[in-house]
Student: 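Below is one structure. I have some questions about it.
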Amino acid sequence: MLSLKFIQENPDWVVERLAVKEFDAREIVDQVLELYRKRNETQNKVDLRKAEMNKLSKEIGMLFKSGKTDEANTAKARTAELKESIKEMDQEFDRIDEELMELQVQLPNIPSELVPAGKTAEDNLVVDEGGVKPELGENAKPHWELAEQYDLINFELGVKITGAGFPVYKGWGARLQRALINFFLDQARENGFTEVQPPYVVNEASGFGTGQLPDKEGQMYHATADNLYLIPTAEVPVTNIFRDVIVDAKELPIKYTAYSACFRREAGSYGKDVRGLNRLHQFDKVEIVQVAHPDKSYEVLDGMVSYVKSLVEKLELPFRIVRLCGGDMSFTSALTYDFEVWSAAQERWLEVSSVSNFESFQANRLKLRFREEGQKKPQVAHTLNGSALALPRIVAALLENNQTAEGIRVPKVLVPYMGTEIIN
RNA sequence: GGAGAGAUGGCAGAGUGGUCGAAUGCGGCGGUCUUGAAAACCGUUGUACCGCGAGGUACCGGGGGUUCGAAUCCCUCUCUCUCCGCCA
């Protein structure tokens, strides 16, 4: 979330920049300005009265101690009115503060200057591409047919056990999942990321910290009996490691990676988007998360983009990198690069990674700060994360792009993990 | 699931109604000493908000209450730990 101070100091700029995200912030910003002013005014007044009250109480204490009971009782009588007005003003303050918070969480993050204008995915900017699209010819099969042919994934079984979007991986299919996870984690470690295994279920505070709550609870599975949420991405538990934390500046950047299953309700999705592995309710992903110095976070973002690029290149997948336009970006992001790989039989691009700089948006919610050497006051840090990578669509592309008459060719980097050069 | 205990500053741990934002120890930082280091000694060491400033306010798990005054008493919620049971 944007800090109140920031909004107060740059109200017009906030409105102007949020327009890039197709968000009309005028009304909310105006209300924030008004309420913030009222809040401070109220605090000022109530603090003065509290100071008076504290002083009186101390005096009464002294009087009782020195046995001047009559004088003490006289003084006591004077506190009643003060007490009443403090109570009223406190309530007023709390009311305003709550209202402010409600407004504050409605404002999306400010898009970076690099974000192109635009409403939909059509307006995203392709900034890089690589690899060669394979020529498959007439008999090319989509991955769901290949998965069935080689008995890699059983979608119907998942329906029976749970429901649509929860496939069962089997044999080489299951082995491929494990191979990819291990490959991604090994790569991350070699690039300086510390591996963590987080919980897959989080509480409300964590959901708030990374921005899923309060508004996007519809995307998460909710275990109501315990009021816990299944994670939609490892970003949530991993980033929340740093909730209410002040780190030393010299520890930055902090680089974490985690494998996790991810759970998404995906209410309202339909059609070709959900066919096969294209969109699932449960999927596997290796995530990378960084906590960075504000001066360095865009360098860090570039580093993450080149790291993810190295992964898709090693997997020999044709890819492109797009910079999301304002209208296609998430609520919390300041700048996002999506990675898409070419799915040769479906003949479409599939998003396999999303790498974002959240600047201080999450850190404000998390109260994640750092302290510069020798400085007293902590500053808000920047957070970033990215998929490295999400498995299902990688699997879809690998199956389709590498299909041959003899079977599915395994990319070289995965051969040691798979123990075979071909799946058949 | 049953029974009990507890939640205090970076950590450990006192404080059971009044100058308590909080003893003490450890850790951290600065200094003295030393060729350097250790030890010893001295000092310092939470966060947020309001205020131009002086300064003020809040915070001892969360919320509510009693009281002139609450870390301390009462209610309530949450969480943690221990033992028993069950169990990967």
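So you know, we letter chains A, B, ... as the sequences are listed, proteins then strands, and number each from 1.
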Student: Under a 3.5 Å cut-off for both distances, is B/G9 Watson-Crick or wobble paired, and to whom?
Tutor: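 By the stated definition (distances under 3.5 Å), nothing pairs with B/G9.
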Student: Could you point out which residue of A/Leu125, A/Leu324, A/Leu335 forms a side chain to side chain contact (heavy atoms under 4.5 Å, CB included) with A/Val115?
Tutor: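 By the side chain to side chain contact (heavy atoms under 4.5 Å, CB included) criterion, A/Val115 pairs with just one of A/Leu125, A/Leu324, A/Leu335: A/Leu335.
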Student: With rounding to the closest Å, how many angstrom separate the C1' atoms on B/A40 and B/U34?
Tutor: 12 Å
Student: For A/Arg78, report the nucleic acid contact type (base, sugar-phosphate, nothing); a contact means any heavy atom under 4.0 Å.
Tutor: nothing
Student: When rounded to the nearest Å, what value does the distance between C1' atoms of B/G6 and B/U45 take?
Tutor: 28 Å
Student: Tell which nucleotide pairs with B/G4, taking only Watson-Crick or G-U wobble pairs whose two distances are both under 3.5 angstrom.
Tutor: B/C81
Student: Using only side-chain N and O atoms of A/Asn54, determine if any of them is under 4.0 Å from OP1 or OP2 of B/G69.
Tutor: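 The answer is no; no side-chain N or O of A/Asn54 sits under 4.0 Å from OP1 or OP2.
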Student: Could you tell me which nucleotide pairs with B/C60 by Watson-Crick or G-U wobble geometry, both distances under 3.5 Å, or answer none if nothing does?
Tutor: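 Pairing partner, where one exists within any strand: none, as none qualifies.
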Student: Give the nucleotide from the list B/C50, B/G18, B/U67 with an atom nearest to the side chain of A/Ser57.
Tutor: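 Within the option list, the nearest is B/G18.
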Student: Sort out the partner of B/C73 for me: Watson-Crick or G-U wobble, both distances under 3.5 Å, none otherwise.
Tutor: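 Its partner is B/G65 (Watson-Crick or G-U wobble, both distances under 3.5 Å).
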Student: Tell me the partner of B/G21, counting only Watson-Crick (N1-N3 plus N6-O4 or O6-N4) or G-U wobble (N1-O2 and O6-N3) with both under 3.5 Å; none if nothing fits.
Tutor: none
Student: Using atom P in both nucleotides, what's the gap between B/G63 and B/G53 to the nearest angstrom?
Tutor: 29 Å
Student: So, do A/Ile254 and A/Phe242 sit near enough that their side-chain heavy atoms are less than 4.5 Å apart?
Tutor: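 A/Ile254 vs A/Phe242: side chains touch.
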Student: Rounding to an integer number of angstrom, what distance separates B/A7 and B/G15 when you compare their P atoms?
Tutor: 11 Å
Student: For nucleotides B/G18 and B/C79, find the distance between their C1' atoms and express it as a whole number of Å.
Tutor: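 My reading of the C1' atoms in B/G18 and B/C79 gives 31 Å.
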Student: For B/C87, what is the paired nucleotide under Watson-Crick or G-U wobble rules, both distances under 3.5 Å?
Tutor: none
Student: B/A48, OP1 or OP2 - any side-chain N/O from A/Arg369 closer than 4.0 Å?
Tutor: yes
Student: Who does B/U32 pair with, Watson-Crick or G-U, both distances under 3.5 Å?
Tutor: B/A40
Student: In this structure, is the centre-to-centre distance between the rings of A/Phe193 and A/Tyr307 below 6.0 Å?
Tutor: yes
Student: Base, sugar-phosphate, or nothing: which does A/Lys376 touch, judged by heavy atoms less than 4.0 Å apart?
Tutor: sugar-phosphate
Student: Identify the residue among A/Asp30, A/Leu35, A/Ile7, A/Leu4 that makes a side chain to side chain contact (heavy atoms under 4.5 Å, CB included) with A/Leu103.
Tutor: A/Leu35
Student: Tell me which one of A/Glu372, A/Gln379, A/His382 satisfies side chain to side chain donor-acceptor pair (under 3.5 Å) with A/His293.
Tutor: A/Glu372
Student: How far, in whole Å, is B/G28 from B/G65 if one measures between their C1' atoms?
Tutor: 40 Å
Student: Taking the P atom in each of B/G31 and B/G36, what is the distance between them to the nearest angstrom?
Tutor: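 That atom pair is separated by 13 Å.
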Student: With both distances under 3.5 angstrom, what nucleotide forms a Watson-Crick or G-U wobble pair with B/G27?
Tutor: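 Paired with B/G27, as far as the under-3.5 Å criterion goes, is B/U45.
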